[in-house]
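All remarks here apply to the structure that follows.
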Amino acid sequence: MVLSTKVKNRLMWWSIFLVSLGPFAWLFAQALLDNLGADPAKTLVIELGVWAINFLWITLAITPLRKFLNWKWLIKYRRMMGLYSFFYTMLHLLAFATFIVGWDLQILVIEITERPYAIVGFIALVLLLPLAVTSTKSMQKRLKKHWLTLHKLVYPIAGLALLHVVWQIRSDYGDALAYAVILAWLLGYRLYKKGKTIKKLAAPAK
Amino acid sequence: MLIKQQESIKSSEITSESIYRQRRTFMKAAIGASTVMASSNLLALTDYGLDEDQLKYPGPNWLQKKLQDSFIDPKYQAKDKLTPFKDVTTYNNFYEFGTSKDQPAENAQDFQTDPWIVEVTGAVGKPGKYHLEDFVKPHRLQERIYRLRCVEGWSMVIPWVGIPLAEIIKQFEPTSKAKYVEFTTLHDPEQMPGQNAAFGTLDWPYVEGLRMDEAMNPLAFLATGLYGQALPPQNGAPLRLVVPWKYGFKNIKSIVKIRFTETMPINTWYKTNPREYGFYANVNPDVDHPRWSQATERRLPGKLLFPNRIKTLPFNGYAEEVAHLYKGMDLTKWY
């Protein structure tokens, strides 16, 4: 019985791991087949960026979903989701630098330092670095309570990521609006919980 | 299956174009050698070497006849390598049919473009509602290869078939009050799903305009076809403006109204974001879009490892033909 739970957990882990790798595998295959249309570079960069944000939002959704669905096991996958967001974010920048800019450093520096939407995107990426580095269990133990404080960076990162999307709107703001509404809900839920906790703590003093 | 797919892309892109090019060289030689060009049907553009599945835009009968009778205008033949038919017809900005590049080709295939009425109004001697057929009838269609530079930073090279805008305008006899020409796209949310979009900032119908001297410049062109076929719906069938020295969004599609006015038309992108999009919208590497550089462009189709980034030229390389129109104007102000 114990073994079978272990096997089940392993299977679950691998399934989630592979499904999350899916967008990358699919894009990689489409790129090899030259199936990404007239402007494959742009398609690739946009898709990788979309998945970076999707995984960031999924990471933030784990805590509230765990409570709502009462799926305690979900928490085990929060680290993986966060790391996938980091993975797609890095690929997004790498694809931009390679396929759009062609590693022309002059253009790359101008793009990242002069365009507000790119600046906020780049800051978000830089802020993700310490979170990825300290994502291991041993780092978590070493940093103790500071770990939690450090990982609160995920909130400003999400805000910057949303700004990165909003500042690129040309006419159609449907997608940006959807991301904004979901993020507002994810953050609103936390504020609400926090408010309740404070009230609870305050109650006995009465 | 995968291999087969790859093969079909390659043959259509490479073979068809080399044949296309050879034919052009032959025809250009013929034009050079002969002065009876205008009366000779031997120069009819019929064979483009496209695959059969790409020959899907024959157009109405009357247009087919006009297409067969079209000629190559030797003065306007960009030397650049042509963008393959497949890319020209599957990578489009036509927000009326969706905001992503592949949506117009998906959503516009049933778009009704015949019969088509064009209303001519304003400061003009012969206003009225014209059947496109009658509108085109007095003119012989000609083919021109133009570069197209999108404000988003990519570009293409397209063989259009159509009529110089000046020829069309003259036939309506604009009055001295006609200082600008305003064009309007069809407004038909039933056929154009993008006009129903819940989260968009553009006002429909799409409006564009030119100053009269710009419209009368020989480069300004009204296209009714490309690659020797009728204009595919995703490219703005049945009638679209082509002004190659301006950013792509000036090239208004599916025109139903031409109005001659004394005041500068309010074009759609200007209306939605005047800080980013002007009325003139001349291609200018020295004036950046507020959110990105216009100094370079990526010529499509792109290959992942070869970004194909080239320097953008003033007026998209047509400075000789049009720069004089803007003499004395501060182009950083009149972007």
Side-chain angles (χ1 to χ4, degrees), chain A residues 27-48 50 91 94-104 106-121 163-181, chain B residues 1-3 5-6 9-10 13 83-93 95 98-103 105 150-156 194 197-203 206 249 268-269 272-273 276-277 288-293 295-296 298-309:
Chain A
L27 286 170
F28 192 77
Q30 295 301 306
L32 284 182
L33 292 169
D34 200 7
N35 230 349
L36 292 172
D39 196 352
K42 195 138 189 199
T43 308
L44 209 53
V45 170
I46 289 175
E47 287 299 318
L48 288 168
V50 163
L91 287 179
L94 201 65
F96 175 74
T98 309
F99 304 133
I100 298 228
V101 178
W103 284 106
D104 182 327
Q106 206 186 340
I107 295 181
L108 189 63
V109 169
I110 289 174
E111 286 299 317
I112 291 177
T113 56
E114 288 186 13
R115 318 277 164 222
Y117 79 88
I119 294 172
V120 294
L163 212 51
H164 180 63
V165 173
V166 167
W167 281 349
Q168 288 181 81
I169 294 171
R170 290 193 64 218
S171 142
D172 181 356
Y173 56 90
D175 290 349
L177 188 65
Y179 280 119
V181 167
Chain B
M1 221 180 94
L2 299 171
I3 293 166
Q5 201 174 5
Q6 220 175 359
I9 290 166
K10 277 188 180 152
E13 286 181 1
T83 302
F85 178 83
K86 182 175 170 278
D87 297 316
V88 171
T89 55
T90 55
Y91 190 88
N92 307 100
N93 271 333
Y95 283 15
T99 50
S100 71
K101 302 284 188 284
D102 52 351
Q103 277 176 328
C150 179
V151 74
E152 295 167 349
W154 51 267
S155 61
M156 290 186 177
F199 306 112
T201 57
L202 296 189
D203 274 346
Y206 196 85
F249 70 86
T268 298
W269 277 104
T272 202
N273 196 341
E276 298 191 345
Y277 310 99
D288 281 350
H289 184 281
R291 287 187 273 171
W292 57 83
S293 164
T296 60
R298 291 175 311 113
R299 179 62 54 82
L300 302 184
K303 288 271 170 264
L304 278 179
L305 291 174
F306 304 96
N308 229 355
R309 191 179 280 279

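It should be emphasised that the depicted structure is a prediction, and the values quoted were computed from it without experimental measurement.
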What part of [X] is in contact with chain B, defined as an atom under 4.5 angstrom from a non-hydrogen atom: side chain, backbone, both or neither?
X: I110(A); result: neither
X: E114(A); result: neither
X: I100(A); result: both
X: Y117(A); result: side chain

Task: Closest non-hydrogen atom pair between P307(B) and G102(A), with its separation - done: CG-CA, 3.7 Å
- [ ] Please report the closest heavy-atom contact between R115(A) and H289(B), naming both atoms and the distance.
- [x] NH1-O, 4.3 Å
Open item on the list: My understanding is that only residues two or more places apart in sequence, or in another chain, count here; which of them pass side-chain hydrogen bond (donor to acceptor under 3.5 Å, both in side chains) with T296(B)?
Closed with: R309(B)
Open item on the list: For chain B, which candidate among P116(A), P40(A), A38(A), A41(A) shows the most heavy-atom pairs at distances under 4.5 Å?
Closed with: A38(A)
Which bit of [X] comes within less than 4.5 Å of chain A, counting heavy atoms only: side chain, backbone, both or neither?
X: F306(B); result: neither
X: S293(B); result: both
X: D102(B); result: neither
X: Y91(B); result: side chain

For a 4.5 angstrom cut-off between non-hydrogen side-chain atoms, does [X] reach [Y]?
X: R298(B); Y: F99(A); value: no
X: D34(A); Y: K303(B); value: yes
X: V151(B); Y: R170(A); value: yes

Task: Spacing of CD belonging to E152(B) relative to CG belonging to D39(A), to within rounding of 0.5 Å - done: 9.0 Å
Open item on the list: Measuring from atom OG1 of T201(B) to atom CD1 of I169(A), what distance do you get when rounded to the nearest 0.5 angstrom?
Closed with: 8.5 Å
Task: Pairing residues for Y95(B) by the ring-ring contact (aromatic ring centres under 6.0 Å, His included) criterion, not counting sequence neighbours - done: W269(B)
- [ ] Give the member of A198(B), G302(B), A197(B), G200(B) that has the highest number of heavy-atom pairs under 4.5 Å with chain A.
- [x] G200(B)
